[in-house]
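Beneath this line is the structure, given in C-alpha cells, with notes to follow.
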Amino acid sequence: MNDRKQELAERTAEVREALAHAARQAGRAPEDVTLVAVSKLHPASDIRALAETGQTEFGENYVQEALSKQEDLAGLDVNWHFIGGLQTNKAKYVAGKFALVHSVDSSKLAKALHNKAVSLNTVQDILIQVNIAGETQKSGVETERLPELAEEVLGMEGLRLAGLMTMPPFFDDPERARPVFARLRELRDGLETRLGVKLPHLSMGMTGDFVPAVEEGATLVRIGTRIFGARPPRG
Ligand SMILES: *Cc1c(COP(=O)(O)O)cnc(C)c1O
C-alpha cells in the first residue's frame with residue numbers, strides 16, 4: 001500500500017470506529033449507518049485508493065467535477081452520491097448518474113430530474129434537503145413547504161423518495177446541531193405518517209457534527225475533511 005492509501009485507510013477506519021461507537025451509544029446497530037466519503041476537490045486517485053480498501057460510497061458536490069471523476073474512474077465499483085447544490089438546468093447531467101441525489105429542494109428541480117430519469121427509462125433515488133435552521137443557509141426547502149414538495153415528488157414516477165437530508169449551520173460546539181438533527185427525524189416521522197410511505201434515510205452529519213447526528217438517527221453521514229484532510233481551494 002502506498003503512503004496516501006495507507007493514510008486514507010487509517011483515517012476511514014477511525015471514522016468507522018467513531019460512527020460505530022456513536023451508534024451503539026444510542027442503541028442503534030452500526031450497520032444502520034452508512035459512511036459517504038465526501039471527495040469533492042480531492043483527486044480521483046484518492047477515490048480509487050480508498051475504494052481499493054473497501055469504501056463504496058462517495059459524495060461529490062460539483063456536477064462537472066463529479067462527471068469527470070466518474071469518467072476517469074469508469075469501471076471502479078463504487079456508488080456516487082450527489083450532495084451539492086444543484087441548478088435546475090444541470091439536473092439533466094445528474095439524473096441516472098448517481099445512486100442518490102441528496103439535495104432536491106424545489107419542485108422545479110424535482111421535475112427536471114424526473115423528466116430526465118423518465119427519458120432514460122430509469123428511476124432516480126433522491127432525498128429532499130430541508131432548511132431547518134433557516135436564515136443562515138440558503139439551500140433546502142423550508143420546513144413549512146416540505147409536505148407539499150414530498151407529495152409532489154411522490155407523484156413523479158421518475159423519482160423514488162428515500163428520505164431527507166439537512167445541513168445545519170456551522171457550530172463550534174456540535175451539540176448545538178443536535179436539535180436540527182432531531183427535528184429532521186421528527187419531520188421524517190411526520191411525513192411517513194401523513195403520506196403513508198416509508199422514508200428510510202436521514203442524511204445528516206459531517207466531520208464536525210457526526211456524533212450527535214448518528215445519535216439522532218442518521219443513516220447516511222457525509223464526511224470529507226476527517227478522511228481526506230483539508231480541501232484545496234476550488235477553481
Ligand atoms: C463538503 C460537504 C460535506 C463534508 O464536509 P466535511 O466537513 O469536510 O466533512 C458534507 N455535506 C455536504 C453537503 C458538503 O457540501
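As the structure lists them, so they are numbered: ligands from 1, and atoms in each ligand from 1. Side chains included, hydrogens not; waters and symmetry mates left out as well; all remaining heavy atoms used. As the structure is a computational prediction, the values presented were derived from the model and not from experiment.
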ask   = Less than 4.0 Å between a side-chain N and a carboxylate O, is that true for Glu151 and Arg194?
value = no

ask   = Does anything in residues 177-219 pair up under ring pair (Phe, Tyr, Trp, His ring centres under 6.0 Å), and if so which pairs, sequence neighbours excluded?
value = none

message = Can you list everything that forms a ring-ring contact (aromatic ring centres under 6.0 Å, His included) with His102? Sequence neighbours excluded, please.
response = His81

ask   = Using a 4.0 angstrom limit on heavy atoms, which residues are close to ligand 1?
value = Val38, Lys40, Asn61, Ile83, Met167, Met206, Thr207, Arg222, Ile223, Gly224, Thr225, Arg231

query = Taking everything shown except Lys97 itself, do over 12 heavy atoms lie less than 6.0 Å from its NZ?
reply = no

key: Reference residue Glu60; test side-chain hydrogen bond (donor to acceptor under 3.5 Å, both in side chains); the match among Lys69, Gln70, Lys40   = Lys69

ask   = Going by the ring pair (Phe, Tyr, Trp, His ring centres under 6.0 Å) test, which pairs reach into residues 212-235, not counting sequence neighbours?
value = His42-Phe228

